[in-house]
Amino acid sequence: MGICCSCLSRQNSEGIYPPLLAENERAAISALLQYLENRTDVDFFSNGPLRALSTLVYSENIDLQRSAALAFAEITEKDVRPVQRDVLEPILILLQSTDPEVQRAACAALGNLAVNNENKILIVDMGGLEPLIRQMMSDNIEVQCNAVGCITNLATQDDNKAKIATSGALVPLTKLAKSKDLRVQRNATGALLNMTHLGENRQELVAAGAVPVLVQLLSSEDPDVQYYCTTALSNIAVDEINRKNLAATEPRLVSQLVSLMDSQSPRVQCQATLALRNLASDAQYQLEIVRCGGLPHLVNLLQSSAHLPLILASVACIRNISIHPMNEALIIDAGFLKPLVALLDYQDSEEIQCHAVSTLRNLAASLERNRLALLDAGALAKCMELVLDASVAVQLEISACFAILALADDLKLKLLEQGILSVLIPLTFSPNGEVCGNSAAALANLCSRIPDYAIIVDNWQSPHQGISSFLTRFLASGNPTFEHIALWTILQLLESNDVEVNGLIKENERVLLGIKSVSGQVAHAVNSGGEEEGSDDPKVELFNLTQQILQILG
């Protein structure tokens with residue numbers, strides 16, 4: 001680091017060298033030169049060194065100001081730590097200069113210090129945004145670059161985001177995102193990205209006209225700019241109102257994001273896929289992603305990538321796309337089933353497993369053809385293999401999938417033959433009410449309208465794992481939803497007219513006692529409450545079910 005000393009003296013016409021600097025300035029330069037000779041042992045942010053630098057800062061001599069700015073830039077590049085106001089104040093004074101060299105170095109120094117979280121807050125609190133915004137609008141590219149870089153660092157602090165959003169910085173940042181200088185462009189798009197992490201700031205960004213610029217820059221050849229823009233757009237697409245605005249104003253957005261799924265940069269691929277995932281929260285985008293050729297890219301990413309965040313982004317994206325009924329068959333025909341089943345083995349990533357099962361459940365929602373394809377791909381077998389030892393979150397998704405599959409009359413016997421009761425009955429013991437309820441609902445549906453009740457009979461009685469124990473536990477639960485499931489299951493079994501099944505129910509004292517107990521409780525509640533027939537009160541429905549069952553039992 002060198003200090004400019006050309007201002008120390010000038011020779012006049014008589015050959016005399018009168019002092020051109022004030023005595024304190026000469027002393028400060030002398031002291032600073034000594035400090036620099038021993039720089040490894042000097043704390044430039046304390047006492048003597050800081051006073052010497054500050055003396056140069058407050059000088060009216062532009063060369064001394066330049067020297068101070070350069071010194072601060074070099075010092076802060078190597079020594080970044082929390083500082084006090086007395087360190088920041090002279091740098092902020094330098095930032096007021098009209099000299100580009102001083103501006104450039106002062107912005108660099110402030111940007112270096114803004115790597116530290118405490119400094120970020122203090123810089124903004126001390127009014128640093130206003131001069132930085134002015135410097136962003138400089139004609140000097142180096143000044144622009146350093147000023148925007150500093151804003152980028154400041155915008156990583158949550159407390160600063162709202163202040164930056166309302167400071168007037170967003171419009172110049174948006175303008176500089178289109179700069180022909182790649183460094184400025186990277187810093188500006190990085191700053192815009194940092195501003196998208198809070199919902200209220202996203203609205204300010206949209207109002208500042210940033211979205212069309214971000215979309216335009218998706219076609220940049222620079223991976224960093226692509227990454228910043230895809231990530232910013234992904235965050236913007238979190239909000240429903242923004243998705244509607246994007247749909248109305250950016251017709252090429254989906255096709256551009258789809259093409260970026262084939263990027264050479266894994267992080268660009270990942271963020272483009274996440275942006276599509278967020279857009280696919282809306283039905284319109286679920287269809288458009290498929291129309292724009294997104295499925296082949298997604299299925300390739302699921303199968304070929306070892307980059308875990310990219311796999312997670314891809315399976316989350318296809319999960320949202322699969323919500324639309326018109327996409328179900330197209331997704332299956334695109335070859336997703338086996339990759340989705342394979343993702344169930346990602347036991348170290350609960351999120352991947354959950355999204356994969358949720359997608360399979362969505363694909364099974366409508367057509368018999370799709371449900372049979374799921375079974376052929378081994379989805380049921382894999383879910384049964386994993387579910388009892390899986391996390392509660394994964395059990396929740398798998399039990400919901402079982403409940404959907406069990407609704408299909410064409411599939412019930414196949415599910416029973418594959419041994420699904422061996423996992424459904426244990427799952428009804430789950431301490432998680434939703435897992436328990438989903439599993440019980442699936443079991444109940446499997447007891448309804450099947451051509452052969454032999455498997456039900458075989459699984460009726462067991463000390464703790466039989467269908468009868470499930471019924472007695474639910475009847476005694478005191479939970480109206482669980483009581484309803486048990487009663488409805490019993491009614492379906494009785495209405496099957498299967499002699500053996502009817503006999504098992506009539507001979508099971510615990511089940512009969514449970515039915516009568518629920519009947520007595522709800523009858524008392526209905527009679528004392530005075531509910532009219534057709535009331536929405538769940539006790540009325542329970543009462544009606546018990547009366548139907550007791551009438552059949554005679």
Side-chain angles (χ1 to χ4, degrees), residues 396 399-400 402-403 406-407 412 416 420-421 423-450 453 455-554:
L396 188 57
S399 62
F402 287 160
L407 286 170
K412 291 178 180 179
L416 290 168
I420 194 170
L421 292 182
V423 295
L424 282 181
I425 295 174
L427 287 173
T428 64
F429 285 88
S430 170
N432 181 281
E434 205 167 345
V435 171
C436 192
N438 286 342
S439 305
L443 203 162
N445 285 323
L446 291 173
C447 292
S448 172
R449 297 191 302 275
I450 54 176
Y453 279 82
I455 295 175
I456 300 297
V457 172
D458 290 342
N459 286 272
W460 175 259
Q461 191 68 44
S462 171
H464 302 293
Q465 299 291 314
I467 293 173
S468 61
S469 65
F470 144 66
L471 293 173
T472 53
R473 279 187 295 109
F474 271 50
L475 289 170
S477 67
N479 182 319
T481 300
F482 286 3
E483 291 170 347
H484 186 281
I485 292 173
L487 291 169
W488 189 85
T489 305
I490 293 167
L491 183 60
Q492 299 310 302
L493 291 171
L494 290 172
E495 290 182 342
S496 72
N497 295 319
D498 185 281
V499 174
E500 194 168 2
V501 169
N502 275 251
L504 288 171
I505 295 173
K506 292 176 182 179
E507 294 168 4
N508 193 303
E509 293 184 6
R510 294 181 65 194
V511 171
L512 295 177
L513 284 172
I515 295 168
K516 291 175 182 177
S517 175
V518 174
S519 176
Q521 291 171 19
V522 295
H524 174 75
V526 168
N527 292 334
S528 61
E531 285 89 347
E532 297 179 1
E533 189 174 350
S535 167
D536 289 336
D537 191 297
K539 292 184 176 61
V540 174
E541 179 63 21
L542 290 176
F543 178 76
N544 292 337
L545 280 172
T546 59
Q547 296 313 297
Q548 288 178 269
I549 291 169
L550 292 173
Q551 186 175 2
I552 295 173
L553 291 173

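Along the sequence shown, residues carry numbers from 1.
With rounding to the nearest 0.5 Å, the separation of OG1 in Thr546 from CD in Glu541 is 10.0 Å. The line from CD1 of Ile420 to NZ of Lys412 is 12.0 Å long, rounded to the nearest 0.5 Å. Ser519 OG to Leu475 CG: the interatomic distance, rounded to the nearest 0.5 Å, is 11.0 Å. A distance of 9.5 Å separates CG of Leu545 from CD1 of Ile490, quoted to the nearest 0.5 Å. Interatomic distance, Arg510 CZ to Ser469 OG, rounded to the nearest 0.5 Å: 7.5 Å. For the atom pair Glu495 CD and Ile549 CD1, the distance stands at 9.0 Å (nearest 0.5 Å).
Here the side chains of Leu471 and Trp460 are in contact, with some heavy-atom distance below 4.5 Å. Annotation: side chain of Phe470 is in contact with side chain of Ile485 (closest heavy-atom distance under 4.5 Å). Taking 4.5 Å as the limit, some side-chain heavy atom of Leu416 sits within range of a side-chain heavy atom of Ile456. A 4.5 Å side-chain heavy-atom check between Asn508 and Gln461 finds at least one atom pair inside the cut-off. Between Val423 and Ser439, the closest side-chain pair of non-hydrogen atoms is not below 4.5 Å. Proximity of Phe474 to Thr489: side-chain heavy atoms (C-beta onward) are nowhere separated by under 4.5 Å. Annotation: side chain of Leu504 is not in contact with side chain of Ser468 (no heavy-atom distance under 4.5 Å). In this structure, Ile467 and Leu421 have side chains that are in contact, with non-hydrogen atoms separated by less than 4.5 Å.
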Yes or no on side-chain contact (heavy atoms from CB on, under 4.5 Å) for Arg473 and Phe429, after CA distance, side-chain angles and deciding distance?
-> CA-CA 9 Å; Arg473 279 187 295 109; Phe429 285 88; 3.2 Å; yes

Please step through side-chain contact (heavy atoms from CB on, under 4.5 Å) for the pair Leu424 and Leu446, ending with a clear verdict.
-> CA-CA 11 Å; Leu424 282 181; Leu446 291 173; 3.6 Å; yes

Kindly determine whether Leu491 and Ile552 satisfy side-chain contact (heavy atoms from CB on, under 4.5 Å), including the steps that lead there.
-> CA-CA 9 Å; Leu491 183 60; Ile552 295 173; 3.7 Å; yes

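Closest approach of Ala403 to Asn438, counting heavy atoms only: CB-O, 3.8 Å. What you find for Ser430 and Cys436 is that their closest heavy atoms are O-CB, 3.8 Å. Contact detail for Cys447 and Tyr453: the closest heavy-atom pair is O-OH, 3.0 Å.
For Asn445, the side-chain contact (heavy atoms from CB on, under 4.5 Å) partners two or more places apart in sequence, or in a different chain, are Ala406, Leu407, Trp488.
Using modelled atom types and a 3.5 Å distance limit, the side chains of Gln521 and Ser517 yield a donor-acceptor pair.
No more than 12 heavy atoms of other residues, nucleotides or ligands lie within 6.0 Å of CD in Glu500, so this atom counts as exposed by the packing criterion.
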